[in-house]
Colleague: 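Pasting a structure below so you can have a look.
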Amino acid sequence: MLMSGEQYIESMKKYDPRIFLGGKQVKLLENPTTMTVVKANATVYDLALKPEYEAVMTVQSPFTGEKVSRNLHIAMSNADLEKRAEMALLTSQVLGTCNYRCVGADILNALAGITWEMDRDLGTGYHKRFIEHLKYLQQNDLACSGAVTDPKGDRSKRPAQQEDPDVYVHVKEKRADGIVVRGAKVSQSGAIGAHETIVIPTMGMKAGEEDFAVAFAVPNGAEGITYICQYTPFTAERELNDPRYLGNPQYGQRETCIMVFDDVFVPWERVFMCGETRYCGKLIARFAKTHRMNCGGACKVGFADIIIGATQLMAEYSGVQKAPHIVDKITDMIRISETARACSIAAALKGREEPEGSGFYQPDDVFGNAAKLTVAEGFWDIMKWAGDIGGGMAVTMPSEKELENPETGDYVRKFMKASAPAELRLRMAKVIQNWCAGLHGAGTWHGAGSPMAQKMALYNLANLEEKKALAKKIAGLPE
Ligand SMILES: Cc1cc2nc3c(=O)[nH]c(=O)nc-3n(C[C@H](O)[C@H](O)[C@H](O)COP(=O)(O)OP(=O)(O)OC[C@H]3O[C@@H](n4cnc5c(N)ncnc54)[C@H](O)[C@@H]3O)c2cc1C
């Protein structure tokens, strides 16, 4: 049964996660910043119930036979992959922040294939277990966040060589009824507001690193879990200000946290990998493929649509919209964003069944990496032009509260007016400030993996031998 936004909020009352923000313990459903995550999730639940978005946001599950959220669906065709990318685009356009279920959705897809493969090769029972858990998630329409990124300590060392092994999530103890895990995951988007978090290793593991080769699901606020939230100038601003005057009043910034696992017990029925190091690399590679298409490509296109809209409006509000250089810059923003969108759709349409015989589909790797890289580089340019066209006021403007101040209101109205009233210019400049002078540059760069990882993947995937042969043929050189 699909939940409404209101039912989702009601369902979160059953959980009592241990959350810290700005040095204080806070309640998920009471704090203005943690509530931005809850509101974003609630809106995604409501989108799934709107007839106009039904085809994008929902799908008939082959496992339960019922209509389920696409956030919990395993892609079984190219059309499924395309719809998944469309969902990322749509939710970004609507929220102007993270669809906090995106990483979870892509992990579920990677786990479906890898558990199938492990059962086939090793005779394990992971896939059956995974599908049972998936059915539980689908039947209850639960929100899942996805935990990949370990703190990693000294990046030049392997997990087992670290001074403190806890910088990688690992199995501390195996019991008859389950495992005990220890460690942490960082930069966890929306984990505080998810019913469940699905955890996988951050990278490929080698023989001798079996304890780190672990994948599992935990319910929100399970014993031993602490969430330590990011705290930014935007958090402080939300605490101090009337939310109406913030750049994204409802949904705010992409809220993440450090999720600490301090000896958390996970029953076996929630464990989907435990020690199979040989399968870790493939698991993370499949996750990356899907996530680069969705989070890397499509999601940021939705953000770009908002930035382009705000920039065009700012141009109109200041009366410069017809100047050739403005038209040229807006066109450049559209070019970057549509190229990323095209790569993302190409990744879906050129995707294929993986592993063969499983029925599960993965996007094309080359196009997925190209989508993420185009966006990582291009987003800075998009923000550059938004900052250019928005003018200095995007970072120098006074608070909109001045408009209500009898001592300054008339001055602000008089001097901030251009071809549109001060109220409109201030409001839209704040939207631009939210993107250009905010967290989104570095966020887009690192989200779905730092670009060096995609560059290495793209270089390795490109068939350079074939390209060399083509060049030799044209030059009249022997093969
Ligand atoms: C807004 C946002 C939301 C996110 N949401 C999630 C989420 O929901 N779930 C999740 O699991 N993760 C999430 N992430 C984490 C994201 O996947 C990581 O930020 C990304 O993989 C980079 O890892 P890192 O932050 O530890 O960077 P670092 O590893 O510290 O990278 C910093 C630099 O070091 C380089 N580097 C790192 N290791 C090596 C090495 N061994 N050799 C050479 N160079 C190296 C990198 O290329 C980069 O240039 C999110 C990140 C952001 C910014």
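In each ligand, atom 1 is the first atom listed, and ligand 1 is the first ligand listed. Residue numbers start at 1 and run along the sequence shown. Being a predicted model, the structure only gives us computed values, none of them experimental. In what follows, every heavy atom counts, from backbone to side chain, and hydrogens, waters and symmetry copies are set aside.
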Colleague: Can you label the angle between the W445 ring and the W380 ring as parallel, tilted or perpendicular, going by 30° and 60°?
Modeller: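 Ring orientation of W445 relative to W380: tilted.
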
Colleague: Of all the atoms in ligand 1, which lie at a distance below 4.0 Å from a heavy atom belonging to A147?
Modeller: 11 (O)

Colleague: Give yes or no for whether the N/O distance cutoff of 3.5 Å, strictly under, is met between G146 and ligand 1.
Modeller: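 In this structure, G146 places an N or O atom under 3.5 Å from an N or O of ligand 1.
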
Colleague: At a non-hydrogen distance cut-off of under 4.0 Å, which region of R155 contacts ligand 1 (side chain, backbone, both, or neither)?
Modeller: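 Within the 4.0 Å criterion, R155 contacts ligand 1 through backbone and side-chain atoms alike.
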
Colleague: Identify all side-chain donor-acceptor contacts of residues 296-307 below 3.5 Å with residues at least two apart in sequence or on another chain.
Modeller:
unit_1 : atom_1 : unit_2 : atom_2 : d
K300   : NZ     : C295   : O      : 2.8
D305   : OD2    : Q93    : NE2    : 2.7

Colleague: With heavy atoms under 4.0 Å as the rule, classify the contact between S145 and ligand 1 as side chain, backbone, both or neither.
Modeller: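 For S145, there is no contact with ligand 1 at all, from either part.
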
Colleague: Could you report the tightest heavy-atom contact between A340 and A371, atom names first, then the distance?
Modeller: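 Taking A340 first and A371 second, the nearest heavy atoms are O-CB, 4.0 Å.
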
Colleague: Answer yes or no for atom 51 (C) of ligand 1: protein heavy atom present at a distance under 4.0 Å?
Modeller: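 It does: a protein heavy atom is found less than 4.0 Å away from atom 51 (C) of ligand 1.
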
Colleague: With only distance considered, is R254 within less than 3.5 Å of ligand 1 through an N or O on each side?
Modeller: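 Between R254 and ligand 1, no N or O pair is found under 3.5 Å apart.
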
Colleague: Taking salt bridge (charged side-chain N to carboxylate O under 4.0 Å, His left out) as the criterion, tell me which of K289, R286, R101, R84 meets it with D106.
Modeller: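 For D106, the salt bridge (charged side-chain N to carboxylate O under 4.0 Å, His left out) test succeeds with only one of K289, R286, R101, R84, which is R84.
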
Colleague: Is it the case that N99 and N41 place a side-chain donor and acceptor less than 3.5 Å from each other?
Modeller: no

Colleague: Can you sort out which atoms of ligand 1 are near V103, meaning under 4.0 Å from one of its heavy atoms?
Modeller: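 Heavy-atom distances to V103 below 4.0 Å select 7 (C), 8 (O).
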
Colleague: Which protein heavy atom lies closest to atom 31 (O) of ligand 1, and at what distance to 0.1 Å?
Modeller: S450 OG, 4.0 Å

Colleague: Numbering the atoms of ligand 1 from 1, which are under 4.0 Å from a heavy atom of K152?
Modeller: 23 (O), 24 (P), 26 (O), 29 (O)

Colleague: How are the rings of F360 and F63 set relative to one another: parallel (under 30°), tilted (30 to 60°) or perpendicular (over 60°)?
Modeller: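 The rings of F360 and F63 sit tilted, inter-plane angle from 30° to 60°.
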
Colleague: I need the minimum non-hydrogen distance between I432 and G390, along with the two atoms involved.
Modeller: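 Nearest pair, atom of I432 first, then G390: CD1-CA, 4.3 Å.
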
Colleague: Within the protein, is there a heavy atom lying under 4.0 Å from atom 45 (C) of ligand 1?
Modeller: no

Colleague: Students often mix this up, so state it plainly: with edges at 30° and 60°, are the rings of F287 and H291 parallel, tilted or perpendicular?
Modeller: parallel

Colleague: Looking at K135, K128, R129, which one forms a salt bridge (charged side-chain N to carboxylate O under 4.0 Å, His left out) with E132?
Modeller: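 With E132 as partner, K135, K128, R129 yield a single salt bridge (charged side-chain N to carboxylate O under 4.0 Å, His left out), made by K135.
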
Colleague: Show me the donor-acceptor pairs within less than 3.5 Å that the side chains of residues 271-282 make with the rest of the protein, sequence neighbours left out.
Modeller:
unit_1 : atom_1 : unit_2 : atom_2 : d
E276   : OE1    : Y126   : OH     : 3.2
E276   : OE1    : C274   : N      : 2.7
E276   : OE2    : Y126   : OH     : 2.8
Y279   : OH     : D121   : OD2    : 2.8
K282   : NZ     : E117   : OE2    : 2.5

Colleague: Does some non-hydrogen atom of the protein lie less than 4.0 angstrom from atom 21 (O) of ligand 1?
Modeller: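 Protein heavy atom within 4.0 Å of atom 21 (O) of ligand 1: present.
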
Colleague: Looking only at side-chain N and O atoms, does T33 offer a donor or acceptor that is under 3.5 Å from a partner on T235?
Modeller: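 No - no donor-acceptor pair under 3.5 Å links their side chains.
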
Colleague: Heavy-atom distance to atom 16 (C) of ligand 1: which of T197, T97, L439, T149 wins?
Modeller: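 The nearest heavy atom belongs to T149.
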
Colleague: Ignoring angles and geometry beyond distance, decide whether Q188 reaches within less than 3.5 Å of ligand 1 through its nitrogen or oxygen atoms.
Modeller: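 Yes: some nitrogen or oxygen of Q188 is under 3.5 Å from one in ligand 1.
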
Colleague: For atom 3 (C) of ligand 1, what's the nearest protein heavy-atom neighbour? Residue, atom name and distance, please.
Modeller: S189 OG, 3.3 Å

Colleague: Please check whether V148 reaches ligand 1 - meaning an N/O of the residue sits under 3.5 Å from an N/O of the ligand, judged on distance alone.
Modeller: yes

Colleague: Return yes when at least one protein heavy atom is under 4.0 Å from atom 36 (N) of ligand 1, and no when none is.
Modeller: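 No.
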
Colleague: Ignoring hydrogens and geometry beyond distance, is a side-chain donor-acceptor pair present between H440 and T444 at under 3.5 Å?
Modeller: no

Colleague: Does T256, backbone or side chain, put an N or O under 3.5 Å from an N or O of ligand 1?
Modeller: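 No; every N/O pair is 3.5 Å or more apart.
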
Colleague: Provide the number and element of each atom of ligand 1 under 4.0 Å from a heavy atom of M452.
Modeller: 47 (O)

Colleague: Could you walk me through whether D211 and K172 pass side chain to side chain contact (heavy atoms under 4.5 Å, CB included), step by step?
Modeller: CA-CA 8 Å; D211 287 345; K172 193 76 197 34; over 6 Å; no

Colleague: Would you kindly specify which portion of K185 sits under 4.0 Å from ligand 1, judged on non-hydrogen atoms: side chain, backbone, both or neither?
Modeller: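 The answer is neither; K185 stays 4.0 Å or more away.
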
Colleague: Give the single entry among A191, A194, S187 that approaches atom 7 (C) of ligand 1 most closely by any heavy atom.
Modeller: S187

Colleague: Counting only heavy atoms on the protein side, is anything nearer than 4.0 Å to atom 25 (O) of ligand 1?
Modeller: no

Colleague: Do me a favour and list the nearest non-hydrogen protein atom to atom 33 (C) of ligand 1 with residue, atom name and distance?
Modeller: H446 CE1, 4.7 Å

Colleague: Would you say atom 41 (N) of ligand 1 touches the protein, meaning some protein heavy atom is under 4.0 Å from it?
Modeller: yes

Colleague: Considering only NZ, NE, NH1 and NH2 on the basic side and carboxylate oxygens on the acidic side, decide whether K152 and D150 come within less than 4.0 Å.
Modeller: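 No salt bridge links K152 with D150.
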
